[in-house]
Amino acid sequence: LTFETRAASTDGNTTSVETNLMTDEGRAFHSSYFEMLGEQGYPGLALWLIIQVTGLWQMERIRARWRKTAAAEGSGPDQRWQAPLANALQQAQLIYLLGSFFIGIAYQPFILMLIGLQCGLFSYLKRTEAPQRPAMRVPHKLKLPDAAQGI
């Protein structure tokens, strides 16, 4: 981060302006929360926290919804993977959030991939659970009388 500072000094009728070029070599954030606050300010921190909490909440909803399906008798392997995957994604995010108290890893690609997996799982399950809409009926073409017959 390089910025310019200006200091004005007045001596009688003369004002002189002295400019200095200052360079901040780096910042060491010791927490992802402070990293987001320092880099993006309060709006960025709030948005980052909303994304994290929403991911945890969505995985809890999926886990609670599909736990009953996985425990039901006669459910095949194609009906038992949703709750364990949501549980694994939720635990991975909780471990990330706990570890991010001690190291600045807010911009690491791991959490972005984890959030992408959560979004993909949520949208896939929402799409497969939605009731199937009947196909739209296409109206028949309007038959016009032949010009030779009508006249």
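For the numbers below, each heavy atom of this structure counts, side chains included, while hydrogens, waters and symmetry mates do not. The first residue of the sequence shown is numbered 1, and numbering continues consecutively from there.
- E18 meets the salt bridge (Lys or Arg N to Asp or Glu O under 4.0 Å) test with no other residue; sequence neighbours excluded.
- The CE atom of M36 sits 8.5 Å away from the CG atom of L49 when rounded to the nearest 0.5 Å.
- Screening residues 35-44 for side-chain hydrogen bond (donor to acceptor under 3.5 Å, both in side chains), with sequence neighbours left out, gives Q40-Y107.
- In this structure, OG in S32 is found 8.0 Å from CD1 in I103, a value given to the nearest 0.5 Å.
- In this structure, the separation between NZ on K126 and CZ on R65 is 13.5 Å, given to the nearest 0.5 Å.
- In this structure, the separation between CD1 on I51 and CD1 on I111 is 10.0 Å, given to the nearest 0.5 Å.
- Hydrophobic clustering, with ILVMFWY side chains joined whenever heavy atoms are under 4.5 angstrom apart, groups L114 together with W81.
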Please tabulate, for side-chain N and O atoms in residues 3-10, each donor-acceptor pair with protein atoms closer than 3.5 Å (sequence neighbours left out).
| unit_1 | atom_1 | unit_2 | atom_2 | d |
| --- | --- | --- | --- | --- |
| E4 | OE2 | R6 | NH2 | 3.1 |
| T5 | OG1 | N20 | O | 3.4 |
| S9 | OG | S16 | OG | 3.0 |
| T10 | OG1 | T15 | OG1 | 3.4 |

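- Side-chain atoms of L125 and W66, non-hydrogen and from C-beta on, do get closer than 4.5 Å to each other.
- Two different hydrophobic clusters hold L117 and W57 under the rule that ILVMFWY side chains link at heavy-atom gaps under 4.5 Å.
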Anything under 3.5 Å between a donor and an acceptor, one on a side chain of residues 88-100, the other on a protein residue two or more places apart or in another chain? List them.
| unit_1 | atom_1 | unit_2 | atom_2 | d |
| --- | --- | --- | --- | --- |
| Q90 | OE1 | R63 | NE | 3.4 |
| Q90 | NE2 | L56 | O | 3.2 |
| Q90 | NE2 | E60 | OE1 | 3.2 |
| Q91 | NE2 | N87 | OD1 | 3.3 |
| Q93 | OE1 | Q118 | NE2 | 2.8 |
| Q93 | NE2 | Q52 | O | 3.2 |
| Q93 | NE2 | Q52 | OE1 | 2.7 |
| Y96 | OH | I105 | O | 3.1 |
| S100 | OG | Y96 | O | 3.3 |
| S100 | OG | L97 | O | 2.9 |

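- Residues satisfying the ring-ring contact (aromatic ring centres under 6.0 Å, His included) test with F101, not counting sequence neighbours, are Y33.
- Rounding to the nearest 0.5 Å places CG of L85 at 8.5 Å from CD1 of I62.
- With a 4.5 Å cut-off on side-chain heavy atoms, W48 and L45 count as touching.
- Taking both residues in full, the closest heavy atoms of I50 and T54 are given as O-OG1, 2.6 Å, listed atom of the first, atom of the second, then distance.
- Among residues two or more places apart in sequence or in another chain, the salt bridge (Lys or Arg N to Asp or Glu O under 4.0 Å) test is passed with R61 by none.
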